[in-house]
Amino acid sequence: LFAVILAIVKMSARGDAAAAPAVERISRRIHALVTAHDVTQGGPGGDGDEEVDIADLVDKTLAPYRSQSERCELEGGSLVVPGRHAVPLGLVLHELVTNAVKYGAWAGPDGLLTVRWSVVEDGGRCVRLVWQERAAQPLDLPEGGQPAREGFGSALIRSSERQLGGTITRRFAPEGLLVEIAFPQG
């Protein structure tokens, strides 16, 4: 199904050079869905009870962008959550990593990306994932520290926040981005 959707998107813009950047962005987001879907297929299977290991989801989301020059620290080990969290969390992680490559910690040499996840007791068992970017050079932020405009990525993050039933907080600073994601484990 994903291959058919990708083919439709690419065929719809064939021969239209102006559409190429949009097609590329859409294709990358469809690939993020494929990654989230692939991770859910490792669970018990078939009856809607699939589970997702956050470690696997983070690793598969970062894999296409990692190399010797992109410094990354991952902390948290295996942490299993219901499969329904795979798509919204996978889309947020994809959005964050592509922005890290374009604008953040991985946009230049010597940046560092740290991703940590754990379970915390906060009136119930909650998953807490922290995405922290440290840019080698100070980021050029508009006054007030927030991006000048809110784009599709911000809307996607807000939608994913609702789907997760939790919160996603982003803090922009010259040294880098800090994102805290929290949602119920069950």
Side-chain angles (χ1 to χ4, degrees), residues 6 20-39 52-79 81 85-118 127-164 166-183:
L6 276 170
V23 167
E24 182 59 28
R25 283 191 308 272
I26 292 166
S27 295
R28 284 194 309 258
R29 287 186 172 119
I30 292 171
H31 280 288
L33 286 171
V34 169
T35 298
H37 179 73
D38 285 348
V39 171
V52 176
D53 188 335
I54 289 180
D56 193 26
L57 185 60
V58 169
D59 190 54
K60 286 185 178 180
T61 303
L62 295 178
Y65 303 93
R66 289 181 79 173
S67 70
Q68 295 290 1
S69 62
E70 278 74 32
R71 296 184 320 138
C72 184
E73 295 175 356
L74 303 178
E75 301 173 22
S78 181
L79 175 54
V81 297
H85 294 314
V87 169
L89 188 56
L91 287 172
V92 169
L93 292 172
H94 177 265
E95 188 66 26
L96 293 174
V97 74
T98 57
N99 285 340
V101 169
K102 291 192 285 188
Y103 314 112
W106 287 355
D110 300 323
L112 173 64
L113 170 63
T114 303
V115 185
R116 298 182 311 273
W117 55 93
S118 61
V127 173
R128 182 172 184 260
L129 185 142
V130 177
W131 175 283
Q132 186 169 18
E133 297 181 35
R134 297 271 183 211
Q137 302 296 320
L139 301 177
D140 184 24
L141 296 173
E143 193 170 323
Q146 295 297 317
R149 66 176 185 85
E150 204 169 272
F152 177 80
S154 294
L156 182 139
I157 288 172
R158 278 195 321 275
S159 173
S160 295
E161 179 180 53
R162 286 188 300 273
Q163 291 174 3
L164 289 167
T167 60
I168 301 176
T169 306
R170 297 180 293 166
R171 291 188 208 105
F172 298 87
E175 60 274 3
L177 172 67
L178 175 66
V179 179
E180 294 179 277
I181 302 170
F183 58 91

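Hydrogens, waters and symmetry mates play no part in the numbers below; they use all other heavy atoms, side chains included.
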State the OG1-CD distance between Thr114 and Gln132, to the nearest 0.5 angstrom. 6.0 Å

Taking atom CD of Gln137 as the centre, report whether more than 12 heavy atoms of other residues, nucleotides or ligands fall under 6.0 Å from it. no

Please check: side-chain N/O of Ser159 versus main-chain N/O of Ala155, any donor-acceptor pairing under 3.5 Å? no

Can you list the residues that meet the salt bridge (Lys or Arg N to Asp or Glu O under 4.0 Å) rule with Glu175, with sequence neighbours excluded? none

Under the criterion side chain to side chain contact (heavy atoms under 4.5 Å, CB included), I'd like the reasoning laid out for Leu129 against Leu93: C-alpha separation, chi angles, the key distance, then a yes or no. CA-CA 10 Å; Leu129 185 142; Leu93 292 172; 4.3 Å; yes

Rounded to the nearest 0.5 Å, the CG atom of Asp59 sits from the CD1 atom of Ile54 at a distance of 13.5 Å

Listed partners of Glu180 passing side chain to side chain donor-acceptor pair (under 3.5 Å), at least two apart: Arg128, Arg171

Output all residues satisfying salt bridge (Lys or Arg N to Asp or Glu O under 4.0 Å) with Arg134, sequence neighbours left out; order by chain, then residue number. none

Which residues satisfy the side chain to side chain donor-acceptor pair (under 3.5 Å) test with Glu70, sequence neighbours excluded? Ser67

Where is the tightest heavy-atom contact between Glu133 and Gly104, given as atom of each residue plus distance? OE1-CA, 3.3 Å

Within a strict 4.5 Å, meaning less than it, do heavy atoms of the Leu96 and Leu113 side chains meet? no

Could you check if a side-chain atom of Val92 sits within less than 4.5 angstrom of a side-chain atom of Pro88, using non-hydrogen atoms only? no

Which atoms form the tightest heavy-atom contact between Ala55 and Gly77, and what is the distance? CB-O, 3.4 Å

Do Leu89 and Val127 pass the side chain to side chain contact (heavy atoms under 4.5 Å, CB included) test, and can you show the C-alpha distance, the side-chain angles, and the key distance before you say yes or no? CA-CA 11 Å; Leu89 188 56; Val127 173; over 6 Å; no

On a heavy-atom basis, the closest approach of Tyr65 and Val97 is CE1-CG1, 3.6 Å

Just jot down the side chain to side chain donor-acceptor pair (under 3.5 Å) partners of Arg116, sequence neighbours excluded, or say none. none

Between Leu79 and Asp53 the two heavy atoms that sit nearest each other are N-OD1, 3.1 Å

Indicate yes or no: at least one non-hydrogen side-chain atom of Ile181 is less than 4.5 angstrom from one of Trp117. no

Is the closest side-chain heavy-atom distance between Trp106 and Arg66 below 4.5 Å? yes

Quick check: do Phe183 and Val81 have side-chain heavy atoms less than 4.5 Å from each other? yes

With a cut-off of 6.0 Å (strictly less than), are more than 12 heavy atoms of other residues, nucleotides or ligands near OH of Tyr103? no

Rounding to 0.5 Å, atoms OG (Ser118) and CD (Glu75) come to a distance of 10.0 Å

Partners passing side chain to side chain donor-acceptor pair (under 3.5 Å) against Thr169 (at least two apart in sequence or in another chain): none

Rounded at 0.5 Å granularity, tell me how far CZ in Arg170 sits from CG in Asn99. 8.5 Å

Identify the heavy atoms of Arg71 and Asp110 that sit nearest to each other, and give their distance. NH2-O, 3.4 Å

Note: Leu57 and Gly90 closest approach over all heavy atoms is CD2-N, 3.9 Å

Rounded distance (nearest 0.5 Å) linking atom CG of Leu62 with atom NE2 of His94: 10.5 Å

